[in-house]
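The figures that follow rest on heavy atoms only: side chains count, while hydrogens, waters and symmetry mates do not. Note that the coordinates shown come from a computational prediction; the quantities given were computed from them, not determined experimentally.
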Amino acid sequence: MTTSRRLADRKVERFEKNITKRGTVPETTVKKGKDYPVGPILLGFFIFVVIGSSLFQIIRTATTGGMA
């Protein structure tokens with residue numbers, strides 16, 4: 001697949017401009033505040049599944065008389 005010379009020049013120009021800006025991060029991209037990657041509902045469901053499965057395992061082990 002061939003690209004036009006103009007498109008290639010634009011890509012090179014954009015790349016070189018990014019190289020000269022290396023290390024400078026504007027303050028607008030810095031996240032401020034508490035923004036979690038997962039929602040509280042998903043986190044609650046995950047905790048419910050983990051704790052529920054561990055309780056289920058404890059009850060099952062207690063009723064069968066230990067690990068055999």
Side-chain angles (χ1 to χ4, degrees):
M1 182 169 160
T2 61
T3 59
S4 67
R5 182 72 182 162
R6 187 186 67 178
L7 184 62
D9 288 341
R10 280 180 36 201
K11 286 183 178 181
V12 168
E13 183 180 320
R14 195 178 313 147
F15 175 76
E16 287 175 351
K17 186 169 46 171
N18 285 340
I19 291 296
T20 60
K21 290 182 179 180
R22 185 176 288 176
T24 59
V25 179
E27 289 188 27
T28 57
T29 61
V30 177
K31 291 184 178 180
K32 294 182 179 179
K34 297 181 179 179
D35 188 24
Y36 298 110
V38 282
I41 295 174
L42 185 63
L43 184 63
F45 178 72
F46 180 72
I47 291 173
F48 170 76
V49 168
V50 170
I51 292 175
S53 65
S54 64
L55 286 175
F56 181 73
Q57 183 72 28
I58 290 170
I59 291 171
R60 193 176 80 188
T61 304
T63 57
T64 59
M67 309 240 314

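Rounded to the nearest 0.5 Å, atoms CD1 (Ile41) and CZ (Phe45) are 12.0 Å apart. Between the OG1 atom in Thr63 and the CD1 atom in Ile58 there is a gap of 12.0 Å [rounded to 0.5 Å]. Gln57 contributes atom CD, which lies 11.0 Å from atom CG of Leu55 (distance to the nearest 0.5 angstrom).
Within the 4.5 Å cutoff, side-chain heavy atoms of Val50 are placed close to those of Phe46.
When each of Lys11, Arg5, Glu13, Arg6 is paired with Asp9, the side chain to side chain contact (heavy atoms under 4.5 Å, CB included) condition holds for Arg5 and for no other.
Taken together through direct or relayed side-chain contacts under 4.5 Å among Ile, Leu, Val, Met, Phe, Trp and Tyr, Ile59 and Ile51 form parts of separate hydrophobic clusters.
Between Thr61 and Thr64 the shortest heavy-atom distance is O-OG1, 3.3 Å.
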